[in-house]
Amino acid sequence: MSQPPLSIMRARRAAALAVVMALAILPQPTFAAPASGSQTVQGLYDTLLSTMKNGRALGQSGRFVQLEPVVRRTFDIATMARLSVGPVWATMSETQRQQVIDGFARYISAIYADRFDSYAGQKLQVTDEQPAAAGVMVHSQIVKANGEPVRVDYLMRKNGDSWLISDVYLDGAISEVATRRSEFAAILRNEGIDGLIAALNRKADALTSTSAKAF
């Protein structure tokens with residue numbers, strides 16, 4: 001087969017280069033920083049509802065894949081991990097800290113993928129926002145499929161231009177950070193820091209491979 005004329009080949013290369021350059025300067029998708037703590041929580045709830053409505057089709061691992069990036073940009077994972085670990089944090093290397101942060105993010109994401117597995121008319125509602133000593137407290141309720149409301153409050157802290165979740169209170173009293181700190185203390189006492197890192201990833205893997213429970 002004969003080769004096309006040199007002028008045509010050059011024209012094709014120029015056209016291809018123009019396409020590549022055009023793609024390179026296209027604006028990349030960005031996530032606007034929420035203007036308030038309520039907007040951060042509402043964004044999380046919107047994602048949870050979408051995931052729940054497609055929960056059965058996505059499966060446990062699919063829900064985890066959808067929720068993990070949202071959890072990482074919605075929660076102040078580094079602060080929550082540090083507070084959950086407690087005083088031992090000061091003795092850890094930077095590598096260990098990063099491994100704990102990453103494992104903590106996976107674990108929290110897996111918990112949400114497990115809890116919010118399917119949709120049967122549940123409602124996730126932000127009710128109000130009030131100033132708090134460390135930032136703001138966003139009050140919300142999750143109305144179960146049977147109509148029973150569950151109060152969930154979010155302590156929000158400003159991080160740059162974003163409002164991030166730094167703790168979650170179930171029924172207005174049970175702190176997520178306090179619960180994890182109690183859970184992690186036993187692991188740290190018996191298995192050390194590396195044992196905690198392994199446990200976080202093991203727990204996340206176990207949750208993403210088991211059947212989910214409807215909230």
Side-chain angles (χ1 to χ4, degrees), residues 31 40-41 43-45 47-48 50-52 55 58-118 124 134-135 138 142 150 152-157 159-160 162-171 173-215:
F31 298 98
T40 296
V41 176
L44 173 65
Y45 279 177
T47 301
L48 287 173
S50 174
T51 304
M52 290 164 70
L58 287 168
Q60 186 79 349
S61 60
R63 293 192 301 275
F64 174 80
V65 168
Q66 287 215 346
L67 290 175
E68 186 184 21
V70 178
V71 166
R72 286 181 181 270
R73 69 172 180 264
T74 299
F75 288 77
D76 188 349
I77 294 293
T79 297
M80 293 179 73
R82 175 174 55 81
L83 294 175
S84 297
V85 168
V88 176
W89 188 267
T91 69
M92 294 165 56
S93 69
E94 283 302 317
T95 298
Q96 288 173 324
R97 289 176 180 176
Q98 191 55 53
Q99 289 174 331
V100 169
I101 290 169
D102 187 61
F104 189 87
R106 293 189 68 243
Y107 184 30
I108 297 299
S109 301
I111 288 173
Y112 273 80
D114 182 59
R115 287 179 182 170
F116 297 89
D117 71 317
S118 61
L124 283 63
V138 174
I142 296 176
V150 177
V152 185
D153 298 334
Y154 296 88
L155 178 62
M156 316 293 300
R157 288 198 175 108
N159 188 321
S162 300
W163 283 96
L164 301 179
I165 298 168
S166 60
D167 204 354
V168 185
Y169 296 88
L170 186 63
D171 290 327
I174 304 172
S175 160
E176 178 80 21
V177 168
T179 299
R180 298 305 157 207
R181 185 162 180 165
S182 176
E183 175 187 351
F184 296 171
I187 299 172
L188 285 166
R189 185 168 54 251
N190 297 322
E191 304 176 43
I193 296 167
D194 291 337
L196 175 62
I197 294 167
L200 285 169
N201 287 291
R202 186 169 61 247
K203 288 171 179 287
D205 291 341
L207 282 171
T208 55
S209 63
T210 56
S211 58
K213 301 180 288 294
F215 193 94

Residue pair Gln96 / Asp194, side-chain heavy-atom distance below 4.5 Å: yes
Euclidean distance, Leu196 CG relative to Lys203 NZ, rounded to 0.5 Å: 9.5 Å
Audit row: Glu176, Ile108, side-chain contact (heavy atoms from CB on, under 4.5 Å) steps and yes/no: CA-CA 10 Å; Glu176 178 80 21; Ile108 297 299; 3.7 Å; yes
Side-chain donor-acceptor contact under 3.5 Å, Asp167 with Ser175: yes
CG-OG1 distance between Asp76 and Thr40, expressed to the nearest 0.5 angstrom: 11.5 Å
Val71 versus Ala105, closest heavy-atom pair with distance: CG1-O, 4.4 Å
Point-to-point distance, once rounded to the nearest 0.5 Å, from OG of Ser109 to CG of Leu207: 11.0 Å
Asp205 with Arg106: basic N within carboxylate O range, under 4.0 Å: yes
Gln60 vs Asp114 side-chain heavy atoms within contact, under 4.5 Å: yes
Interatomic spacing from OG in Ser166 to CD1 in Ile77 - rounded to 0.5 Å: 11.0 Å
Side-chain donor or acceptor of Asp117 paired with backbone N/O of Ala113 under 3.5 Å: no
Salt bridge present between Asp102 and Arg72 (N-O < 4.0 angstrom): yes
Tyr169: which of Ile174, Asp153, Val177 passes side chain to side chain contact (heavy atoms under 4.5 Å, CB included): Asp153
Tyr107 side chain to Glu183 side chain, donor-acceptor N/O pair below 3.5 angstrom: yes
Test log, rule side-chain contact (heavy atoms from CB on, under 4.5 Å), inputs Leu58 and Gln66: CA-CA 9 Å; Leu58 287 168; Gln66 287 215 346; 3.9 Å; yes
Atom of Arg97, atom of Trp89 and distance for their closest heavy-atom approach: NH2-O, 3.0 Å
Non-hydrogen side-chain atoms of Phe104 and Met80 separated by less than 4.5 Å: yes
Residues which pass ring-ring contact (aromatic ring centres under 6.0 Å, His included) with Phe75, listed by chain and number, not counting sequence neighbours: Tyr112
Side chain proximity check, Val85 to Met92, heavy atoms < 4.5 angstrom: yes
Arg82 side chain near Ile101 side chain, heavy-atom distance below 4.5 Å: no
CD1-CG distance between Ile165 and Asn159, expressed to the nearest 0.5 angstrom: 13.0 Å
Separation of Tyr45 OH from Thr47 OG1 (nearest 0.5 Å): 12.5 Å
Criterion side-chain contact (heavy atoms from CB on, under 4.5 Å) on Arg63 and Thr51, from CA distance to verdict: CA-CA 6 Å; Arg63 293 192 301 275; Thr51 304; 3.5 Å; yes
Exercise: identify the closest heavy-atom pair between Val100 and Ala81: CG1-CB, 4.3 Å
Flag side-chain contact, heavy atom, 4.5 Å: Thr91 against Ile193: yes
